[in-house]
Amino acid sequence: MFKAKPGVRVRILAIALVPSLTLLGVGVGTTGYLVSTSRHDEEWASKMLDGIAPVSELVAAIQRERQVTLWIYAGSAPEPGALAAARQRVDSALRQMNPTEDALRALGREDLKDSVGDLNLLEKLLGGQRTAFDAGAVSLNEAYAFYGRLPDMVILGTRMIQDQAPNAESAGKLNLAAEALTAQEALNRANALAASLAGDGGLPDVLAAEYQRLVGYAHSLVENFAKDLSSDQAQGAQRLLQSMAWKRMTGVESALLQRADARRIAAASGLTGSAMQALFATPLPVSTQEWQDAVTEVSTVLTGFWNAHNHRAQTLAIEAAKATRGDAMLAGTAVLLLAAGAIAVALLLADRIIRRLRRLRNRTLALANTGLPEVMRRLRAGETVEPAAEVAVLNFGDDEIGQVADAFGHAHTIAISAAVTEARTRGGVESVVLNIAHRSQVMVHRQLEILDDVEASQEDPALLEVFFRLDHLVTRERRNAENLIILAGGQPGRQWRQPVSLMEVVRSGVGETIDYTRSRITRMPDVAVAGTVVADLLHLLAELIDNAVAFSPPKAPVEIIGTVVGKGVAIEIIDQGVGLPASEKQRLDHMLSTPPDFGVHTLFEDSRLGLFVVARLAARHGIVVRLGESDYGGVRAVVLVPSRLVVAPAQPANPPQPASAQLESVAGPGQPAGPLGPS
């Protein structure tokens with residue numbers, strides 16, 4: 001089984017569909033990815049936005065517990081219950097952070113998962129750290145380092161979020177938020193260490209240097225805020241620098257830095273005891289309460305900076321995610337419309353090309369099935385055909401389809417020219433064949449006339465037998481000449497004006513066969529045949545009987561039976577040969593019902609000229625000839641003569657002689673000639 005190959009429409013559509021579908025797939029995939037990413041970013045920003053308040057509270061709580069813890073180290077105990085309140089605030093802030101931690105963990109970012117893990121670890125270590133502090137097992141340096149881990153984690157997380165910001169504006173806001181938180185944490189760390197400087201104990205050299213670094217770093221960050229005119233918090237930073245709280249805090253920090261420098265100088269000079277205490281006798285510019293109120297106010301302002309920038313950054317991230325999703329949907333819709341447009345254009349172009357090809361096919365088939373056969377019919381009818389007048393005009397444009405149409409038109413012109421040439425050649429050949437056949441027919445008639453004269457004057461039985469045999473051979477030669485005339489499209493010379501008995505027609509046909517003695521006429525109805533068909537029916541029967549005798553075993557008889565049927569008279573010719581294969585019988589029946597063109601190719605394929613003659617004669621008068629299997633395994637040829645060619649009752653025994661020539665009937669050696677024989 002052969003699979004149907006795709007047509008032109010499918011091929012054209014494939015050319016457009018493959019890139020269009022590829023573009024559509026890429027567009028849909030990209031759109032889906034962008035939409036999914038934007039939704040994830042929007043969810044991320046929303047979670048970050050929701051986590052600002054809990055994180056801010058946790059940082060403030062840790063800073064408060066750190067301040068109280070370190071001030072206790074410095075001997076500046078705050079109000080009673082301050083440490084317990086600070087610890088309770090931290091625990092409450094950690095509980096409030098649990099939903100935020102779960103949201104960060106669910107978002108699936110590995111770096112932030114690590115930060116959440118560190119926060120959980122810090123939460124677990126916090127209880128042990130407090131117990132150790134209460135037991136006096138933790139140094140000032142250790143307490144300072146432990147309580148600085150959480151704010152550092154928050155600052156680091158802000159930097160991580162900044163790296164994943166959807167746009168530069170969000171990244172800038174996150175950077176300002178991180179700097180604000182860094183400044184606020186630096187001031188709070190410095191404030192936690194300041195209690196030791198404010199008291200008599202002082203700070204270790206490492207922490208004293210840390211205090212100086214923190215104060216300078218925090219001041220530089222705030223001053224940078226005030227100088228950054230592009231930031232919407234610049235005015236707030238400038239107001240902070242000019243505020244009384246900032247001035248008070250700065251004054252205390254300056255005094256503490258001086259004490260730190262003096263202590264270092266005194267330690268280097270070897271001062272001890274009362275001399276060392278004299279360095280710390282200088283009072284602070286403001287009271288401790290005013291100082292702490294100022295630190296709290298400045299820290300609140302910086303925390304506000306951090307919250308505002310962080311909130312703005314996450315809001316921008318949400319807006320950017322929504323914009324990205326909208327742009328992705330628009331881009332996906334545009335890609336879909338573009339692909340659909342390309343497919344629609346491909347369909348339109350394919351339909352136009354298919355319509356043109358169908359028109360070309362219909363025109364070409366019309367030329368092949370109607371135009372060219374009509375020209376052939378006219379040529380067979382003998383009409384004059386000019387190839388130039390039969391040129392097919394196939395106007396299909398100047399493109400490739402038009403060129404194919406021109407090629408078809410040119411091929412049609414060549415075919416007509418070849419048909420005209422062949423018809424002329426065939427006409428010439430038929431004329432030559434007819435000329436030769438007519439000359440042979442004239443010579444045969446002369447021979448028959450001479451034999452008639454000799455037979456009439458001869459009485460010797462032996463010579464008469466020889467003359468009868470010669471007469472029979474000449475009669476068969478006359479039939480061969482008539483075969484050529486019939487195949488060349490001419491008319492045989494023998495004709496009758498009056499009806500002739502069917503028995504006499506059959507007997508005369510038997511007499512023209514090669515071995516007439518083996519043919520037996522079993523029965524024949526008493527009817528006559530119209531004179532116009534006598535010659536052709538006689539010839540047709542002679543060819544079929546001769547064929548039956550030739551393909552029967554030696555000495556096997558050939559039986560001829562006539563029967564009147566509803567549609568006329570059926571004449572059966574039954575032999576005892578080997579029969580015909582089914583395929584050969586089907587082919588011969590088709591040839592007998594539809595006479596083919598008798599050309600050189602037909603002659604080459606099948607040399608049974610007698611059957612061609614039978615087919616021509618049967619078609620000329622509407623006689624039906626069919627082949628079947630006989631009871632003996634041979635062939636049964638049935639000739640159905642239609643009722644319009646049959647005359648009943650039969651005519652007198654001596655019908656008129658042929659108009660153009662006599663029809664001899666040879667019944668056998670020594671037997672008298674029948675009614676169609678010579679007078």
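As a basis for the values below, the full set of heavy atoms in this structure was taken, side chains included, without hydrogen atoms, waters or symmetry mates.
Proximity of Arg520 to Pro557: side-chain heavy atoms (C-beta onward) are separated by under 4.5 Å at one or more points. The shortest distance between side-chain heavy atoms of Val500 and Val529 does not fall below 4.5 Å. Taking 4.5 Å as the limit, some side-chain heavy atom of Met503 sits within range of a side-chain heavy atom of Arg507. The side-chain heavy atoms of His590 and Thr594, taken from C-beta on, include a pair separated by under 4.5 Å. Side chains of Val565 and Leu640 form a contact here, defined as non-hydrogen atoms less than 4.5 Å apart.
Residue Ala542 comes nearest to Gly509 through the heavy atom pair CB-O, 3.5 Å, listed as atom of the first residue, atom of the second, then distance. When all heavy atoms of His621 and Thr532 are compared, the closest pair comes out as CE1-O, 3.8 Å. When all heavy atoms are compared, the tightest approach of Pro525 to Val564 is CB-CG2, 3.5 Å. In terms of heavy-atom proximity, Ala556 sits nearest to Gln576 at CB-OE1, 4.2 Å. Across all non-hydrogen atoms, the minimal contact from Val558 to Ser552 is CG2-OG, 4.0 Å. Taking both residues in full, the closest heavy atoms of Ser519 and Ile545 are given as OG-CG2, 3.4 Å, listed atom of the first, atom of the second, then distance.
Annotation: the span from Leu502 atom CG to Leu537 atom CG amounts to 7.0 Å, rounded to 0.5 Å. Here the CE atom belonging to Met591 is positioned 8.5 Å from the CG atom belonging to Leu627, to the nearest 0.5 angstrom. The structure places CZ of Arg616 at 13.5 Å from CG of Leu540, a figure rounded to the nearest 0.5 Å. Annotation: the span from Leu360 atom CG to Arg355 atom CZ amounts to 15.0 Å, rounded to 0.5 Å. For the atom pair CG of Leu617 and NE2 of His539, the computed distance is 6.0 Å after rounding to the nearest 0.5 Å. The CZ atom of Arg356 lies 15.0 Å from the CZ atom of Arg361; values are rounded to the nearest 0.5 Å.
Remark: of the listed residues Ile521, Val527, Asp526, Ile521 is the sole one forming a side-chain contact (heavy atoms from CB on, under 4.5 Å) with Met524. Residue Val625 forms a side-chain contact (heavy atoms from CB on, under 4.5 Å) with just one option from Leu592, Leu611, Leu588, and that option is Leu592.
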Test Leu645 against Ile623 for side chain to side chain contact (heavy atoms under 4.5 Å, CB included), laying out the working first.
CA-CA 9 Å; Leu645 302 178; Ile623 299 173; 4.2 Å; yes
Walk me through whether Val506 and Leu541 qualify under side chain to side chain contact (heavy atoms under 4.5 Å, CB included).
CA-CA 7 Å; Val506 175; Leu541 293 174; 3.9 Å; yes
Is there a side chain to side chain contact (heavy atoms under 4.5 Å, CB included) between Ile574 and Tyr632? Walk through the geometry before answering.
CA-CA 9 Å; Ile574 306 170; Tyr632 309 102; 4.0 Å; yes
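Other residues, nucleotides and ligands contribute more than 12 heavy atoms inside 6.0 Å of the CZ atom of Arg644.
For Asn362 (side chain) and Arg358 (main-chain N/O), a donor-acceptor pair under 3.5 Å exists by modelled atom type. Remark: the backbone N or O of Val510 is paired with a side-chain donor or acceptor of Thr513 at under 3.5 angstrom. Proximity of a side-chain donor or acceptor of Asn369 to a complementary backbone N or O of Leu365 within less than 3.5 Å is detected. Of the possible donor and acceptor atoms, one in the side chain of Ser630 sits under 3.5 Å from a partner among the backbone N and O of Asp575.
Applying the side-chain hydrogen bond (donor to acceptor under 3.5 Å, both in side chains) test to Thr522 and every residue at least two apart in sequence or in another chain returns Glu559.
A salt bridge does not link Glu629 with Arg636: none of the charged nitrogens is closer than 4.0 Å to a carboxylate oxygen. Arg620 and Asp536 are joined by a salt bridge, as a carboxylate oxygen and a charged side-chain nitrogen come within less than 4.0 angstrom of each other.
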